[in-house]
2 protein chains.
Amino acid sequence: MLFAMSSPITPTLLLDEQLCFALYAASRRMTAVYRPLLEALELTYPQYLVMLVLWERDGLTVRELGVRLQLDSGTLTPLLKRLEQSGLVQRRRRQSDEREVEITLTEAGRKLHERAAEVPRCLAERLCMSVDAFVRLRDELKSLAAQLAAPSDDD
Amino acid sequence: MLFAMSSPITPTLLLDEQLCFALYAASRRMTAVYRPLLEALELTYPQYLVMLVLWERDGLTVRELGVRLQLDSGTLTPLLKRLEQSGLVQRRRRQSDEREVEITLTEAGRKLHERAAEVPRCLAERLCMSVDAFVRLRDELKSLAAQLAAPSDDD
DNA sequence: AAAAATTAAATTGTACACAATTAAATTTGA
DNA sequence: TCAAATTTAATTGTGTACAATTTAATTTTT
């Protein structure tokens, strides 16, 4: 019975064996846990990610935000319009290149940074995970994403 | 310099340090890799997940599918109507309880199972991951999702 | 048994994702 | 230089996600 407990070498169509479903389910659960925390800031989860990037570096273009978050203008344009409506950012064509739209934090947008500092603290508490396990899982996901982003052999 | 290279104990608002973003990005990359494979089957990624469940066990109700995939009727109802339009499933109220809608595979739906067998094989090849690493990551994600699904302390 | 509570789907409304196309500005190259 | 190619956002259209509400069927309680 040497192989009885070993993992299947042949990929199957069983849901519970799929990495893809584990990833999809975990990702949705994660945003569900963020939701009530972000509701207090009146942000959706993707809006929060945009704010994270802008708090690190203000005045990026839509394209630069897209590179950072791996999102295209089809997603970002309406999202940024909503952030503008909320009074957190400003959108302005660049004089140097009128094709580009620069996204700048407003005073309210900068101000929100302080209140947002609570969010990762709440989450760290909720996760009940050692720092090592956290870092390891995060880095495994990063390398998986990098692997999946690489062009496939038949390109 | 004992602590110089250690991981931050204090949670930060830096995008690259966030587990949540790594998860979100990896999940979207994964579905992007599935997309061309599933296009050949004329399925979207969530539709593929529904089919995986039905291939395992046919004749589930919308609620049972929802429990399995962690999706509600607001997501499933329109998705299942599209699968019905595609001729892959049938939707029918149960005689025993008219509240419930039973989802049954059609002949075409069952037939698709064979062609779908290619999908996990293509993906396994694409991932270039050892079986052990695959299983470990998958199980870590499962336990993370379980941890996130558990009620928080202040509930 | 009839009212009240519960349950299952569907519906409504908002907000992503992303492919494909369009429009405008800029860069490149004959 | 000026037409062609490229680049950047925006737009359009399809398909999820999910909260909140509605509708209909069933179960529970009095």
Side-chain angles (χ1 to χ4, degrees), chain A residues 20-21 23-36 38-39 42-51 60-67 69-86 89 91-103 149, chain B residues 20-21 23-36 38-39 42-51 60-86 88-89 91-103 149:
Chain A
C20 72
F21 177 66
L23 200 49
Y24 166 81
S27 176
R28 284 188 304 119
R29 281 309 314 158
M30 182 68 90
T31 69
V33 169
Y34 268 93
R35 197 166 297 117
L38 296 180
E39 230 157 57
E42 294 181 284
L43 288 175
T44 65
Y45 181 71
Q47 287 168 10
Y48 170 69
L49 295 177
V50 167
M51 295 301 287
L60 295 178
T61 65
V62 174
R63 187 186 61 76
E64 289 165 330
L65 278 170
V67 169
L69 298 170
Q70 300 295 312
L71 291 170
D72 68 8
S73 69
T75 301
L76 286 173
T77 296
L79 187 157
L80 291 167
K81 283 183 180 175
R82 282 188 278 273
L83 286 179
E84 190 178 42
Q85 286 299 307
S86 311
V89 307
R91 299 161 61 242
R92 206 167 24 204
R93 293 268 165 195
R94 281 219 175 129
Q95 279 122 21
S96 60
D97 187 337
E98 291 274 356
R99 287 173 302 185
E100 298 184 312
V101 169
E102 187 176 282
I103 309 298
Chain B
C20 72
F21 177 67
L23 201 51
Y24 167 81
S27 176
R28 284 188 303 119
R29 280 311 312 158
M30 182 69 88
T31 69
V33 168
Y34 269 92
R35 197 166 295 116
L38 296 180
E39 230 157 57
E42 295 183 284
L43 289 175
T44 65
Y45 181 70
Q47 287 167 10
Y48 171 69
L49 295 178
V50 167
M51 295 302 286
L60 295 177
T61 66
V62 174
R63 187 186 62 77
E64 288 166 330
L65 278 169
V67 169
R68 200 83 171 83
L69 298 170
Q70 300 295 314
L71 291 170
D72 69 8
S73 69
T75 301
L76 286 174
T77 297
L79 188 158
L80 291 167
K81 283 183 179 175
R82 280 180 213 108
L83 285 180
E84 190 178 43
Q85 287 299 307
S86 310
L88 297 175
V89 307
R91 299 160 62 244
R92 206 168 22 203
R93 294 267 166 194
R94 280 218 174 131
Q95 279 123 21
S96 60
D97 187 337
E98 292 273 356
R99 288 173 302 184
E100 299 184 312
V101 169
E102 188 175 283
I103 310 299

* To do: Starting from the 5' end of DNA chain D, give me the residue, A/Arg91 or B/Thr44, whose nearest nucleotide shows up first.
  =>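 Comparing both residues, the 5'-ward one is A/Arg91.
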Measure from [atom1] on [X] to [atom2] on [N] and round the result to the nearest Å.
X: B/Leu38; N: D/dG15; atom1: CG; atom2: P; value: 14 Å
X: A/Ile103; N: D/dT8; atom1: CD1; atom2: P; value: 15 Å
X: A/Tyr34; N: D/dC18; atom1: OH; atom2: P; value: 16 Å
X: A/Gln85; N: C/dT14; atom1: CD; atom2: P; value: 14 Å
X: B/Leu83; N: D/dT16; atom1: CG; atom2: C1'; value: 12 Å
X: A/Arg63; N: D/dA10; atom1: CZ; atom2: P; value: 14 Å
X: B/Glu102; N: C/dA10; atom1: CD; atom2: C1'; value: 18 Å
X: B/Leu80; N: C/dT11; atom1: CG; atom2: P; value: 13 Å

State, yes or no, whether a side-chain contact exists between [X] and [Y] at a heavy-atom distance under 4.5 Å.
X: B/Leu83; Y: B/Leu43; value: yes
X: A/Val89; Y: A/Met51; value: yes
X: A/Thr77; Y: A/Val101; value: no
X: B/Leu38; Y: B/Thr31; value: no
X: A/Leu23; Y: B/Leu23; value: yes

* Nearest-nucleotide pick for A/Gln47, side chain only, options being C/dC16, D/dG15, C/dA10 ->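 Given the options C/dC16, D/dG15, C/dA10, the side chain of A/Gln47 is closest to C/dC16.
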* **Below 4.0 Å: OP1/OP2 of D/dG15 and any side-chain N or O of B/Arg82** => yes
* Asked: Counting just side-chain N and O atoms, does B/Lys81 come under 4.0 Å of either OP1 or OP2 of D/dT14?
  ->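 Looking at the OP1 and OP2 atoms of D/dT14, neither is under 4.0 Å from any side-chain N or O of B/Lys81.
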* To do: Taking ring-ring contact (aromatic ring centres under 6.0 Å, His included) as the test, write out the residues that go with B/Tyr34, two or more places apart.
  =>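 Residues passing ring-ring contact (aromatic ring centres under 6.0 Å, His included) with B/Tyr34: B/Tyr45, B/Tyr48.
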* Structure fact -> Going 5' to 3' through nucleotides 17-28 of chain C and flagging B where a protein heavy-atom sits under 4.0 Å of the base, S where only the sugar-phosphate is that close, and - otherwise, we get BBB-----BS--
Report, one line per pair, each donor and acceptor closer than 3.5 Å where one atom sits in a side chain of residues 62-72 of chain B; sequence neighbours left out.
from	atom 1	to	atom 2	distance (Å)
B/Glu64	OE1	B/Thr61	N	2.8
B/Glu64	OE1	B/Thr61	OG1	3.4
B/Arg68	NH1	A/Asp16	OD1	3.3
B/Arg68	NH2	A/Asp16	OD2	3.4
B/Arg68	NH2	B/Glu56	OE1	3.4
B/Gln70	NE2	B/Val67	O	2.9
B/Asp72	OD1	B/Gly74	N	3.1
B/Asp72	OD1	B/Thr75	N	3.1

